[in-house]
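Remarks on the structure that follows.
A note on names: the letters A, B, ... follow the listed sequences, proteins ahead of strands, and every chain is numbered from 1.
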Number of protein chains: 2
Amino acid sequence: MTEHSPLILLVEDEPQLRRFLRPMLRAQNYRLVEAETAREGVALAHSHNPDVILLDLGLPDGDGVEVTRQIRVWSPVPIIVISARGKEQDKVGALDAGADDYLIKPFGSAELLARLRVALRHAARGSLATPDAIHTFGDVRVDLGRRTVHRGEVEVHLTPHEYKLLVTLIHNVGKVVTHRQLLREVWGPGAQENHYLRVYMGQLRQKLEEDPARPRWLATDAGVGYRLRDEPAR
Amino acid sequence: MTEHSPLILLVEDEPQLRRFLRPMLRAQNYRLVEAETAREGVALAHSHNPDVILLDLGLPDGDGVEVTRQIRVWSPVPIIVISARGKEQDKVGALDAGADDYLIKPFGSAELLARLRVALRHAARGSLATPDAIHTFGDVRVDLGRRTVHRGEVEVHLTPHEYKLLVTLIHNVGKVVTHRQLLREVWGPGAQENHYLRVYMGQLRQKLEEDPARPRWLATDAGVGYRLRDEPAR
DNA sequence: CGCGATCTTGACGCTTTCTTGATCCGGCGC
DNA sequence: GCGCCGGATCAAGAAAGCGTCAAGATCGCG
């Protein structure tokens with residue numbers, strides 16, 4: 001992956017800070033891609049597959065924490081958050097969402113570079129075991145990076161909830177995932193109406209199973225939860 | 001490696017801070033080993049192979065940075081440095097010596113715990129493909145992580161009660177588990193009708209034993225309880 | 001504001017699981 | 001042999017859980 005020098009994705013809306021960071025990183029011989037918005041950041045993370053992401057939390061079009069979560073769905077790339085917000089709550093939120101480090105503005109350039117080196121160390125070691133960004137079962141192919149699902153050649157459209165549900169099952173292939181856990185992952189910590197799950201599992205089966213009435217992959221464990229099989233039933 | 005909860009090595013000479021951290025970490029169900037000196041820290045890192053090291057820089061018998069360097073010679077275990085020194089120079093030195101994070105005293109407990117979780121995430125990813133806890137007897141394989149049961153190659157479906165009952169027996173493999181205890185574990189504290197047990201043990205034998213009428217693993221101790229043998233009968 | 005897509009909710013029939021009672025079995029003391 | 005006891009087995013009804021459909025509510029976008 002790193003034939004060349006490490007590639008850094010900088011997601012930052014303040015031109016001032018970018019003008020400060022750009023020459024600093026270039027001077028270390030890092031390659032650099034820049035995004036100014038959350039949306040653009042996620043897109044560039046997809047398309048450029050950087051070795052490290054430097055992410056400002058305060059973006060014009062959305063929360064940086066949400067960016068972190070979205071990237072974490074498919075990539076273990078190290079994410080260093082930089083933020084003006086120094087409250088403990090902010091740090092914990094970002095770190096638990098999947099960030100690897102949290103720097104408070106203003107920060108010293110030497111410290112940033114040192115933490116960047118730590119992140120790159122991790123990336124180098126981690127890349128040996130990079131989880132597959134594409135998951136397949138039967139004739140279904142789920143590209144976690146592109147957020148697309150295909151059956152054979154044709155693309156299948158999934159709604160946001162359907163997709164999140166599927167991703168959660170994929171992250172636990174072979175394991176039974178309890179109702180509680182699925183609800184928490186997909187609907188957030190408040191939900192407990194597991195009637196949702198029946199409806200949405202039904203829709204997933206409708207879209208992904210050959211015979212939705214006799215599912216071979218999306219299995220039910222009555223009274224416990226659901227599970228994506230790693231080998232087909234029957 | 002992590003059959004149990006994560007093991008943390010705390011290298012810290014101030015008794016005051018240890019008294020603060022100890023209950024906090026224990027409360028998170030982490031296991032804890034403590035060292036008061038640099039020398040002891042390196043020794044315990046060797047002997048206990050912790051999942052994370054919390055390392056104070058200011059130790060009586062040597063520099064924490066040196067400890068980091070020594071451990072890095074042979075182990076990639078995540079090291080979180082905690083230090084009163086907040087100078088950028090200190091951070092860079094520690095991080096470049098191999099530390100993964102650097103916290104300045106005083107720090108909030110929530111932040112420490114969040115950074116600890118980050119470190120544990122890294123540690124977990126380093127050890128490829130964490131195998132589940134699996135228990136086998138005869139041709140039966142119980143995967144406790146996936147909540148699945150196999151006989152030979154074919155999967156056996158167990159209802160929630162059947163599964164709970166089996167797991168309880170597995171947790172006490174080789175030992176007799178009394179009727180009372182089984183009922184409490186599986187049906188909750190209210191139950192006392194041990195007719196349940198006969199029915200459900202029968203179903204388990206039906207599903208798991210070669211000759212359900214002559215069980216070789218799921219043994220009855222008349223008047224006392226049931227027991228999962230650790231070696232087959234006869 | 002209006003439209004389509006998505007989400008939520010309720011109703012209903014079906015399947016699985018649980019509970020319970022009836023019956024059977026084998027050992028033991030009388 | 002007979003009656004008793006704890007355990008095993010079987011089956012049927014009750015209860016809980018599941019799948020499906022569809023009608024509204026809500027959201028997002030133009």
Starting at atom [atom1] of [X], determine the distance to atom [atom2] of [N], rounded to an integer number of angstrom.
X	N	atom1	atom2	value
A/Y163	C/dT6	OH	P	15 Å
A/L197	C/dT8	CG	P	11 Å
A/W187	C/dC7	CH2	C1'	9 Å
A/E162	C/dA5	CD	C1'	11 Å
A/L183	C/dC7	CG	P	14 Å

Legend entry - Donor-acceptor pair between A/D100 and B/H122 side chains, under 3.5 angstrom: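 A pair is found: one side chain offers a donor N or O, the other an acceptor, under 3.5 Å apart.
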Inset, instruction - Give a yes-or-no answer on whether the side chains of A/T178 and A/R184 include a donor-acceptor pair shorter than 3.5 Å. - result: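 On atom types as modelled, these side chains do not qualify, holding no pair under 3.5 Å.
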Before accepting this row, confirm whether a basic side-chain N of the pair [X]/[Y] lies closer than 4.0 Å to the acidic partner's carboxylate O.
X	Y	value
A/K207	A/E162	yes
B/E111	A/K91	yes
B/D101	A/R115	yes

Inset, instruction - Any chance you could measure B/L166, atom CG, to B/L144, atom CG, to the nearest 0.5 Å? - result: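 Going from CG on B/L166 over to CG on B/L144, the span is 8.5 Å.
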Inset, instruction - Any chance you could measure B/I170, atom CD1, to B/D230, atom CG, to the nearest 0.5 Å? - result: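 Here the rounded value is 12.5 Å.
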Legend entry - Span of DNA chain D in contact with chain B (heavy atoms, under 4.0 Å):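 The footprint of chain B covers D/dG6 to D/dC10.
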Which atoms of nucleotides 11-17 of chain C (N or O only) lie under 3.5 Å from a protein N or O atom, and what are those distances?
residue	atom	partner	partner atom	Å
C/dT17	OP1	B/H157	NE2	2.7

Legend entry - Any residue meeting salt bridge (Lys or Arg N to Asp or Glu O under 4.0 Å) with A/R141, in chain and number order, not counting sequence neighbours: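 Expected list: none.
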